[in-house]
Amino acid sequence: MNFRYSLNLKEEGIKMKSKYVDLKLNMDLNRIKEAAMYIKKGKIVLFPTETVYGIGANALDEKAVNKVFEAKGRASDNPLIVHIANIDMLNNLVQGIGEIEEKLINNFWPGPLTIIFNRKECVPNNVTAGLNTVGIRMPSNKIARKLIEFANLPIAAPSANISGRPSGTKIEDIIEELNGKVDYILDSGIVDIGLESTVIRVIKNKVHILRPGKITVQDIENLGIDVIVEKQIMEECNPKEKVMSPGMKYRHYAPNTKCLLIYSDNEDKLIDRINEEINLEKNILVLGKTSHLDKYNTNSKLDMGESLEDISKNIFTLLRKVDSYNVDLVVIEGVKSEGLGLAIMNRLIRACEHNYIEVN
Ligand code: AMP
Ligand code: MG
């Protein structure tokens with residue numbers, strides 16, 4: 001079969017084994033319809049959302065969902081988020097939507113918020129990993145919405161990456177690991193946010209944050225709702241401890257190279273501490289904020305960007321790059337664990353496998 005190439009991928013000499021469509025310049029609705037037909041037929045489609053790319057399957061088709069687990073090498077006890085395009089789809093999948101959930105839906109959907117609900121019988125067991133709850137999200141990305149609407153089906157979709165690797169925020173980063181493992185690829189360039197959705201569950205009128213994301217603690221508190229941040233999002237999970245969200249248990253985002261996360265509220269102290277590390281190790285790579293880079297006594301450094309939004313957009317691409325530098329240690333600048341910073345630190349702490357120093 002002959003598949004179309006984007007210029008970039010062609011230049012890199014990558015031979016496409018999945019059907020590939022480049023939507024960067026033109027949102028070709030006929031192609032999205034074609035991808036939706038793939039979903040209807042039980043095939044799996046790599047598609048963009050505003051958070052990260054996803055690998056989607058018909059959420060009501062157990063066999064199709066299994067293909068997603070196989071493509072990613074994902075543990076069967078790690079449930080998938082179901083993506084919907086309208087509230088009718090939600091009502092078909094879940095029961096007992098409370099007032100707080102309604103408030104969250106009205107304020108944050110479509111958008112990067114996943115809400116855990118009690119599921120109905122029609123949701124296959126493999127989607128929820130046997131739980132009686134299901135995570136649902138209505139994405140705002142236009143291509144994702146069209147794909148769900150054209151398929152007229154809820155789409156179960158985890159992040160596009162082999163399990164344990166950083167999530168895919170652009171096709172170039174993930175093509176090697178997923179080429180041929182998915183049936184169809186919709187490429188729309190780099191995603192908007194770059195970190196996966198905030199995952200929450202309402203228990204006794206309080207919102208529990210199970211995974212931090214672009215929708216922040218403050219965003220939810222601003223609606224007059226009490227928020228509890230699960231301590232496990234920043235801590236190493238004891239394998240015997242019960243977790244509220246199975247994803248918390250797994251090794252995630254970590255490069256093969258050893259990584260160290262350093263943070264201080266005081267910028268000078270942060271930079272001094274990282275320079276100390278540079279002086280100790282011979283072969284080190286630093287990931288730092290744009291405005292800090294020229295303060296590090298090394299040429300081996302990568303630019304994370306300046307704002308939290310920049311960092312969130314760049315971080316997975318950078319984490320994928322570091323192994324190619326063949327260094328002994330990667331030192332990563334932390335950010336304040338507030339607002340979007342909480343989501344960034346949650347991913348970075350896991351990327352560094354809890355190898356973290358906070359300087360007072
Ligand atoms: P990913 O698909 O890679 O973005 O990961 C989705 C994450 O959402 C999983 O790792 C779970 O931790 C969480 N999740 C999905 N469904 C549920 C659920 N029913 N209960 C608790 N957490 C869930
Ligand atoms: Mg994931």
Side-chain angles (χ1 to χ4, degrees), residues 16-21 23 31-86 88-90 92-94 114 116-117 119-131 133-139 141 143-165 167-168 171 174-175 177-188 191 196-197 199 246-247 250:
M16 281 299 167
K17 294 185 204 138
S18 307
K19 171 121 195 180
Y20 170 87
V21 187
L23 301 175
R31 293 303 176 180
I32 303 174
K33 273 183 195 155
E34 186 176 55
M37 282 309 296
Y38 273 58
I39 295 279
K40 274 179 172 297
K41 287 183 184 155
K43 299 192 173 192
I44 62 175
V45 175
L46 204 165
F47 68 102
T49 80
E50 67 276 23
T51 57
V52 298
Y53 276 85
I55 303 177
N58 173 0
L60 303 175
D61 177 345
E62 193 155 13
K63 272 194 193 152
V65 170
N66 260 336
K67 290 182 191 167
V68 174
F69 279 93
E70 269 167 35
K72 282 183 62 97
R74 184 171 173 114
S76 59
D77 67 351
N78 196 0
L80 307 186
I81 292 169
V82 177
H83 295 70
I84 58 170
N86 55 58
D88 284 345
M89 284 186 180
L90 176 69
N92 290 337
L93 297 166
V94 312
T114 297
I116 310 292
F117 295 96
R119 67 154 162 157
K120 282 188 176 163
E121 283 286 310
C122 63
V123 184
N125 268 323
N126 59 353
V127 171
T128 69
L131 300 171
T133 55
V134 59
I136 311 269
R137 181 165 102 79
M138 189 190 285
N141 177 285
I143 295 171
R145 294 291 292 280
K146 287 283 171 215
L147 182 68
I148 303 166
E149 279 166 14
F150 288 144
N152 197 21
L153 287 166
I155 295 184
S159 55
N161 54 277
I162 295 293
S163 279
R165 302 274 297 140
S167 305
I171 297 297
I174 46 177
I175 191 67
E177 66 193 51
L178 294 174
N179 197 3
K181 293 195 173 156
V182 297
D183 299 302
Y184 205 112
I185 298 175
L186 294 171
D187 183 357
S188 67
V191 297
E196 308 89 338
S197 60
V199 177
Y250 289 100

**OP:** List the steps, then state whether salt bridge (Lys or Arg N to Asp or Glu O under 4.0 Å) holds for R137 with E50.
**Re:** CA-CA 12 Å; R137 181 165 102 79; E50 67 276 23; 2.8 Å; yes
From [atom1] ([X]) to [atom2] ([Y]), nearest 0.5 Å:
| X | Y | atom1 | atom2 | answer |
| --- | --- | --- | --- | --- |
| N78 | F69 | CG | CZ | 7.0 Å |
| D183 | I55 | CG | CD1 | 10.5 Å |
| K72 | E177 | NZ | CD | 9.0 Å |
| N152 | I39 | CG | CD1 | 12.5 Å |
| R31 | L147 | CZ | CG | 14.5 Å |
| L46 | Y20 | CG | OH | 10.5 Å |

Subject >> Carboxylate-amine/guanidinium contact E70 K67, below 4.0 Å >> reply: no
Compare every heavy atom of [Y] with every heavy atom of [X], then report the nearest pair and how far apart it is.
| X | Y | result |
| --- | --- | --- |
| G56 | V68 | C-CG2, 4.3 Å |
| A156 | L80 | CB-CD1, 4.0 Å |
| A35 | V45 | O-CG2, 3.6 Å |
| S188 | Y53 | N-OH, 2.9 Å |
| I174 | A160 | CG2-O, 3.4 Å |
| N161 | L178 | N-CD1, 3.8 Å |

Original post:
Cut-off 3.5 Å, side chains only: do S197 and T114 have a donor facing an acceptor?
Top reply: yes
Original post:
Does the side chain of E196 pick up a donor-acceptor pair with the side chain of S159 at under 3.5 Å?
Top reply: no
With a 4.5 Å cut-off on side-chain heavy atoms, are [Y] and [X] touching?
| X | Y | answer |
| --- | --- | --- |
| I148 | M89 | yes |
| L153 | D61 | no |
| M16 | N179 | yes |
| C122 | N92 | no |

Subject >> R119/V127 under side chain to side chain contact (heavy atoms under 4.5 Å, CB included): CA gap, chis, key distance, verdict >> reply: CA-CA 11 Å; R119 67 154 162 157; V127 171; over 6 Å; no
Original post:
How about K63: does its NZ atom have over 12 heavy atoms from other parts shown lying under 6.0 Å from it?
Top reply: no
**OP:** Flag yes if more than 12 heavy atoms outside K120 fall under 6.0 Å of its NZ atom; otherwise flag no.
**Re:** yes
**OP:** Apply the test side chain to side chain contact (heavy atoms under 4.5 Å, CB included) to residues I185 and I175: give CA-CA distance (whole Å), side-chain angles for both, the deciding distance (0.1 Å), then the verdict.
**Re:** CA-CA 9 Å; I185 298 175; I175 191 67; 3.7 Å; yes
Any donor-acceptor pair under 3.5 Å linking the side chain of [X] with the backbone of [Y]?
| X | Y | answer |
| --- | --- | --- |
| N126 | E62 | yes |
| S18 | G180 | yes |
| R74 | P79 | yes |

**OP:** In sequence, state the C-alpha distance, the side-chain angles, and the governing distance for V199 and I116, and then conclude on side chain to side chain contact (heavy atoms under 4.5 Å, CB included).
**Re:** CA-CA 7 Å; V199 177; I116 310 292; 3.8 Å; yes
Subject >> Stepwise side chain to side chain contact (heavy atoms under 4.5 Å, CB included) check, V21 with Y184 >> reply: CA-CA 8 Å; V21 187; Y184 205 112; 3.1 Å; yes
